[in-house]
Enquirer: 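I am attaching a structure below and will ask some questions about it afterwards.
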Amino acid sequence: MAQFLFEADLHGLLKLDTPIPNAPPARWQRKAKESGPEPSPVGVSPMKPVNRSHSSSKTPSKTPGKSGSKIQNTPTKAGGDRYIPNRSTMQMEMANFLLTKENDPAEESPTKKEQQKAWAVNLNGFDVEEAKILRLSGKPQNAPEGYQNNLKVLYSQKMTPGSSRKNSRYIPSMPDRILDAPEIRNDYYLNLIDWSSQNFLAVALDNSVYLWNHASGEIIQLLQMEHPDVYISSVSWIKEGNYLAVGTSSAEVQLWDIQQQKRLRNMTSHCARVGTLSWNSYILSSGARTGHIHHHDVRVAEHHVATLAGHTQEVCGLKWSLDGRYLASGGNDNLVNVWPCTQGGGGDFAPVQTFTQHQGAVKAVAWCPWQMNVLATGGGTSDRHIRIWNVCSGACLSTVDAHSQVCSILWSTNYKEFISGHGFAQNQLVIWKYPTMTKVAELQGHTARILNLTMSPDGTTVASAAADETLRLWRCFEMDPIKKKEKEKANSAKSSIIHQSIR
Amino acid sequence: QLSREHQGITLRGSAELVAEFFSYGINSILYQRGIYPPETFTRVQKYGLTLLVTTDPELANYLNNVTEQMKEWLYKCIVQRLVVVISSIESSEVLERWQFDIECDKTAKDDNGPREKSQKAIQDEIRSVIRQITATVTFLPLLESACAFDLLIYTDKDLAVPEKWEESGPQFIANSEEVRLRSFTTTIHKVNTTVAYKKDSVP
C-alpha cells in the first residue's frame with residue numbers, strides 16, 4: 001500500500017496547486033522568524049543556497065573574515081528576500097580551495113619546505129611567511145550602468161559628429177597641393193616647417209633643409225648637416241624672410257643667409273637638442289631638451305644674452321607675442337610659462353604666468369592677432385584639450401576637448417578663427433570659430449599624425465606636415481574678393497595719411 | 001609652511017606625505033584609465049600641478065578610509081606594497097596592475113631627530129611620478145570593457161587584520177608587460193612604482 005501513498009504524494013507535488021505538506025518552511029518564512037540578519041554564509045557555497053546551513057562558526061579558520069563582508073549582500077535591502085548573488089564580489093577560487101583542501105598537511109623534509117617556499121615566493125612575488133595581502137572590502141559602487149569607458153570612444157571614433165551647420169563660406173575639403181616630404185622625422189617634439197614672409201616654405205627632412213618657393217614651385221636644398229647622425233630639430237624664419245634659424249640635435253643654433261645660401265653664424269650655448277625657435281626682431285629665442293630657453297642677440301658676438309629656466313623637461317612650444325612683450329613656452333612637463341621681455345629686479349627672468357592645467361605636453365602655442373594678451377595652447381595625447389588664456393589676469397577664458405593630440409594651433413588674420421592640427425585617430429585639421437569655440441570645418445586627408453602647421457604670408461593657406469611623409473597645403477582662409485578689396489583700401493588709406501604727415 | 005621646511009622630515013610627516021601621494025595617485029589612475037566617468041572628477045592644485053580628484057562621495061569616502069589606514073601603517077613601518085588592480089567587471093580578468101613598493105627605513109622609529117630633506121625636493125619627485133602616471137595613457141592598451149578597481153595592501157605577516165579588511169591573493173596578470181616608473185623618497189620611506197598590463201594577444 002505504501003506505493004500508492006507515494007504516488008499520491010507525487011501527484012500532489014506535481015499538481016502544484018496545494019501547499020506542500022511537511023515541507024521545510026519557505027525562505028521568507030524563515031527570515032520572518034529570524035530576529036535580525038545573521039551571518040548567513042552564502043558566499044562560501046553558492047551552489048546550494050537553500051538547504052545546507054554551513055555556518056561560519058563551525059570552521060573559523062577556513063573563512064577568514066569572508067562572511068563578515070557578505071552581510072552587505074543579504075537581501076534585506078529593498079527588493080524582497082530573493083537572494084541575487086553578486087558574482088564579482090565572490091572569491092570562487094578561494095572558496096573552492098578551502099572546501100576541497102585536505103585537513104592534515106603531511107610531514108615535510110626541510111629541503112622540501114625550502115623548495116615549496118621558493119615556489120611560493122616565485123608565484124606570489126613575495127614571501128608568504130613574511131607578509132600577507134589585505135583587501136579592503138565594501139568597495140564603492142562601480143561606475144553606473146551604461147557608462148562606457150571614455151577612452152574607447154575617444155580612440156576608436158571614426159566620424160566626429162561634426163558641425164552640421166552650414167558655414168557661410170566655402171572651404172575646400174581637399175588640399176590645394178600635396179608635396180612629398182620623405183624622411184621627415186616622426187617626432188612630436190620637433191618643429192620642422194616654417195613659411196617666410198617672402199613666400200618660401202622651409203622644410204627640415206632629417207639632416208637637410210629644403211626651401212620651396214610657393215610662387216614658382218622651385219625647390220632648393222639649402223643645407224645638409226655634415227655629420228650623418230645629426231638631424232635638424234627646428235627651423236624658424238626671421239620676420240624679413242632673408243635669414244633662417246636652424247636648431248640641430250647637436251645643440252647648435254645656426255643662422256643661414258638665403259640669398260647667398262651660406263651659413264652666417266653657428267651659436268652654441270645649449271647642451272641638448274634645440275627643438276623650438278622663435279624670433280623677436282633681432283632676438284632669437286631657442287628652447288632645448290634640457291628645459292632651458294636661451295635668448296640670442298644675433299647682431300653681437302656674445303650672442304647668449306639670457307637664460308630662462310622654467311621647464312624641467314623638453315621645451316617643445318615657443319612663441320613671442322606679436323607686440324614682442326611676452327614669450328610663451330610650453331614643455332613636456334605639461335607647463336605653460338609666459339615670460340616678460342625684460343628682466344625683473346635682480347637680473348633674473350621669472351615667468352609672469354605659469355599654467356598647470358594641461359595634462360599632457362604643450363607644443364601648440366599661439367597668440368591671438370586681434371586681441372591683446374590672448375594665448376591659445378593645446379595639449380598632447382594625455383590631455384587633448386585646447387585652452388584660451390588671458391595672460392594678464394591668468395584666467396582660462398575657454399576650454400574645448402579636441403579628442404585628439406594637439407600638435408599646433410594657428411590663428412587666422414582673415415577671419416576670427418583658429419585652426420588646430422591633430423593626431424590619432426583622424427589626423428585632421430580643425431577650424432574653430434572664436435570666441436564661440438564651435439567647429440567650422442574639419443580637413444581630413446593625412447594618413448598619419450600631423451606634426452606641424454604653418455601659415456602663408458597672405459594668410460590664406462595653411463601647410464601641414466605629417467608623419468605620412470607629405471605636406472598638404474589647405475586653402476582654408478581664402479578671402480572673399482569683395483572683402484579683400486575693402487581690406488586693401490583700408491590699408492592703402494593708412495599709408496597715404498603717413499605720407500602726408502611726413503611732408 | 002616655512003617652519004615645516006626647516007623642521008625636516010619626521011616619521012609621521014613622511015607617512016602623511018606618502019599616504020597623500022597614494023590618494024592623489026589613485027585618483028589620477030581612476031581618471032586617466034577611465035574607470036569612472038571624467039565628469040565626476042574636479043581639478044585641484046597640488047604639488048604645483050593640476051590634479052583630478054573624484055567628487056563621488058562614496059568613492060571619496062572609500063579612498064579616505066584607505067588613506068587613513070595607510071598613514072597608520074606607514075607610521076608603524078609595517079606596510080610593504082600598495083597595489084591597484086584593474087579588472088574587467090564581466091570576466092573578472094585582471095587587465096592592469098599598478099604596484100607601489102614601499103621601502104621603509106625602520107631606524108627612523110628609533111632616532112627621534114628629523115631627517116634632512118626639503119619638502120620642495122620631495123614635492124618635485126612626487127610631481128615627476130604623477131606626471132608619468134598621466135603620461136602612461138600614451139602606451140597602455142585601451143581598456144575595452146567596463147572595469148572595476150581593487151586595492152591590495154601587502155603588510156607584515158603578524159598584523160592583526162582590522163575590520164573591513166580581508167585577506168586576498170596577489171591577483172597577478174597572466175601574460176604581462178611591465179613598465180617601471182620613477183621612484184621618490186622622503187629619506188624614511190621610498191616608493192617605487194611599476195605598472196603591469198596584459199600583453200595584447202592581437203598583433
Side-chain angles (χ1 to χ4, degrees), chain A residues 63-66 68-69 87-94 97 123-156 312-313 332-335 354-361 380-384 401 405, chain B residues 32-38 40 43 45 48-50 52 56 58-63 65-66 69 80-81 83 87 89-90 92 99 124 127-128 131 134-138 142-157 159 161-172:
Chain A
T63 53
K66 189 79 185 82
S69 62
R87 296 252 150 171
S88 58
T89 58
M90 290 183 192
Q91 293 186 351
M92 299 286 209
E93 291 95 19
M94 166 85 107
F97 169 69
L123 286 172
N124 290 327
F126 66 102
D127 194 347
V128 193
E129 299 305 309
E130 297 301 311
K132 62 184 176 192
I133 308 176
L134 297 178
R135 187 174 153 264
L136 181 57
S137 52
K139 215 160 31 146
Q141 190 93 46
N142 285 327
E145 295 279 321
Y147 164 61
Q148 192 183 8
N149 190 336
N150 201 24
L151 296 173
K152 172 166 185 185
V153 177
L154 197 62
Y155 285 108
S156 57
T312 49
Q313 286 185 54
N332 195 24
D333 51 5
N334 309 350
L335 297 179
T354 303
F355 303 129
T356 60
Q357 276 87 328
H358 280 289
Q359 301 287 311
T381 312
S382 322
D383 178 68
R384 308 177 296 274
D401 189 352
Q405 173 191 66
Chain B
Q32 291 295 340
R33 302 311 286 139
I35 312 288
Y36 287 86
T40 61
R43 297 184 136 81
Q45 287 290 327
L49 286 176
T50 300
L52 289 125
D56 181 319
E58 264 191 63
L59 179 59
N61 195 30
Y62 178 78
L63 290 179
N65 287 341
V66 178
Q69 188 61 264
Q80 298 165 13
R81 210 178 266 184
V83 179
S87 45
I89 292 179
E90 302 238 336
S92 294
Q99 185 164 298
D124 283 344
R127 189 178 24 234
S128 308
R131 256 209 291 265
T134 311
T136 53
V137 74
T138 53
L142 266 188
L143 296 171
E144 298 275 315
S145 53
C147 288
F149 79 100
D150 235 336
L151 288 177
L152 305 178
I153 302 189
Y154 287 50
T155 63
D156 283 356
K157 187 72 179 169
L159 175 68
V161 181
E163 208 182 289
K164 293 196 206 161
W165 292 82
E166 59 201 22
E167 294 206 29
S168 161
Q171 299 193 46
F172 282 132

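To find a chain, count down the sequence lines: A is the first, B the second, and so on, and within it residues start at 1.
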Enquirer: Can you spot which of B:Arg127, B:Gln45, B:Arg43 makes a side chain to side chain contact (heavy atoms under 4.5 Å, CB included) with A:Thr356?
Expert: B:Gln45
Enquirer: Measuring heavy-atom distances to chain B, does A:Gln313 have an atom under 4.5 Å in its side chain, in its backbone, in both, or in neither?
Expert: side chain
Enquirer: Nearest 0.5 Å, what's the CG-CG distance between A:Leu134 and B:Leu152?
Expert: 9.0 Å
Enquirer: So which atom in A:Ser382 and which in B:Ala135 form the shortest heavy-atom distance, rounded to 0.1 Å?
Expert: OG-CA, 3.6 Å
Enquirer: Run the side-chain contact (heavy atoms from CB on, under 4.5 Å) check on A:Thr312 and B:Arg131 step by step: do they pass?
Expert: CA-CA 12 Å; A:Thr312 49; B:Arg131 256 209 291 265; 3.5 Å; yes
Enquirer: Rounded to the nearest 0.5 Å, how far apart are OG1 of B:Thr50 and NE2 of A:His358?
Expert: 10.0 Å
Enquirer: Any chance you could measure B:Gln32, atom CD, to A:Asp383, atom CG, to the nearest 0.5 Å?
Expert: 9.0 Å
Enquirer: Measuring heavy-atom distances to chain A, does B:Leu52 have an atom under 4.5 Å in its side chain, in its backbone, in both, or in neither?
Expert: side chain
